Amino acid sequence: MPLMSSTIDSRLQHIYKLVLRRNPGESEFHQAVQEVLSSLGPVVDRQPHYLAERVIERLCEPERQIIFRVPWTDDHGQVQINRGFRVEYSSVLGPYKGGLRFHPSVLLGTVKFLGFEQIFKNALTGLPIGGGKGGADFDPKGRSDGEIMRFCQSLMTELYRHLGEYTDVPAGDVGVGTREIGYLFGQYKRITNRYEAGVLTGKGIAWGGAQARTEATGYGTVYFADEMAKHVGSSLQGLDVVVSGSGNVAIYAIQKVQQLGGRVVACSDSSGYVVDEDGIDLELLQDVKEVRRARIATYAEERGGKSRFVRDGSVWEVPCQVALPCATQNELDEDAARTLVEHGVQVVAEGANMPCTPGAVHVFTDRGVLFGPGKAANAGGVATSALEMQQNAARDSWSFEHTEERLGEIMRSIHGRCVDTAEDYGRPGDYVFGANAAGFIQVADAMLALGVV
Ligand code: NAP
């Protein structure tokens with residue numbers, strides 16, 4: 001079922017129709033394109049040459065899409081076959097840059113939606129990185145370390161030929177952390193006989209990784225939410241916060257909220273959520289999720305007191321003033337948004353990519369809730385990846401404090417660009433418009449400068 005296109009300016013409708021026709025069944029990709037196109041009417045009013053030069057059509061078509069077989073052998077000697085993807089979307093601002101996702105739900109359309117978002121997010125960082133994304137329909141849950149390693153080696157045996165520090169630089173995403181990046185980098189190094197540290201980011205600190213990269217997306221999202229609150233004369237201090245997920249982004253978002261004086265009262269995983277009126281005990285959560293890789297129910301069992309586990313429930317039922325969706329796409333729908341509004345939510349910032357459905361975003365913006373879209377609010381991860389590339393190129397390594405300071409500056413700058421662009425177009429406080437327009441204009445101008453390529 002194609003999404004409604006009524007919010008798209010009539011001069012851009014034909015582009016959306018072309019995207020639907022060329023990419024059948026890829027609903028998440030349609031949704032991501034629709035979200036950006038819905039902001040571009042006022043932009044092409046001012047800059048009609050973007051239409052004449054067909055910049056938007058060009059941007060909707062990835063520069064290159066790679067699909068390949070990933071055969072590997074499991075611990076029982078059984079041959080397994082997965083499908084690998086890399087969508088090299090836009091290299092107009094720098095080498096393709098974006099993570100790899102390992103999850104059974106990954107299809108070409110998933111990777112295209114993430115790659116499309118990545119182009120504008122990376123532009124907003126102000127750093128020289130293009131947009132790309134990749135992954136595989138591999139389910140790492142329950143797999144042994146040896147199986148994960150063999151899978152990563154097989155994937156890289158095909159992918160390496162498309163990568164390079166000046167060409168395409170993947171990182172982690174859902175299901176891909178430092179362990180997987182290690183196995184991928186080891187295989188790349190073995191095949192190419194080059195210690196090309198800048199070919200992958202999210203590396204371990206001891207072998208070329210950047211301090212604060214692990215924390216960067218979650219920290220950056222909270223910095224962004226705090227800037228949003230400060231912009232209207234408030235802050236996160238003393239507020240109740242709900243964070244969805246309990247993976248990489250969620251855990252470090254919780255940590256930064258606590259450092260800034262907020263209280264995280266609930267978080268989740270795909271089995272349900274935990275509420276903890278005393279505030280989430282981060283040390284226990286990290287032990288359960290990062291060390292033991294257990295389910296979130298274990299947290300409530302071991303924490304006791306006022307904490308409880310709710311199986312299969314929606315974490316958005318828990319009252320809060322700040323909501324940080326940090327789990328997955330389309331996890332927060334219109335009904336959940338209404339519940340949050342009824343409970344008095346003031347700020348929503350997307351730590352995950354496209355976690356709020358279009359209906360939910362409409363509810364928030366309609367009811368005056370400050371809403372920070374993912375391509376701005378979660379750009380801290382890729383920004384710190386670009387800082388990792390800088391350090392690799394200079395054979396340098398920075399301290400945690402210095403890297404975090406740079407991250408904070410970048411998030412404040414992204415916030416400022418969104419605010420200024422929205423105000424410039426007479427839409428103060430519209431972060432969706434500000435992020436889409438500011439990111440798009442930078443990419444479009446660079447495309448025009450580089451000619452028809
Ligand atoms: P992750 O470490 O794999 O964590 C994902 C978390 O979300 C897990 O706790 C997972 O639970 C949970 N989850 C998945 N589906 C869920 C659902 N339907 N309901 C509730 N919880 C659910 O991944 P991540 O790196 O934190 O990434 C999370 C999101 O942030 C993704 O959208 C990703 O694209 C985006 N992002 C990540 C980065 C980064 O640097 N990592 C940067 C920018 C954006 P289970 O363990 O039960 O599956």
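As the structure lists them, so they are numbered: ligands from 1, and atoms in each ligand from 1. Not measured: the values here are computed from a predicted model. Below, each value reflects all heavy atoms present in this structure, side chains not excepted, and no hydrogens, waters or symmetry copies.
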* Asked: Going by atom types only, do S270 and R295 share a side-chain donor-acceptor pair under 3.5 Å?
  -> yes
* To do: Say whether, by atom type as modelled, one donor and one acceptor occur between the side chain of D276 and the main chain of V265 under 3.5 angstrom.
  => no
* Structure fact -> Counting only non-hydrogen atoms and a 4.0 Å cut-off, the residues near ligand 1 are R101, K141, D173, V174, G175, R213, T217, G245, S246, G247, N248, V249, S268, D269, S270, R295, C326, A327, T328, G351, A352, N353, N378
* To do: Tell me, please, which residues at least two apart from Y195 pass ring-ring contact (aromatic ring centres under 6.0 Å, His included).
  => F185
* Side chains of N122 and K375, donor plus acceptor under 3.5 Å -> no
* Just checking, any donor-acceptor pair under 3.5 angstrom between side chains of Y219 and Q255? -> yes
* Under 3.5 Å, is there a donor-acceptor pair between the H415 and Y431 side chains? -> yes
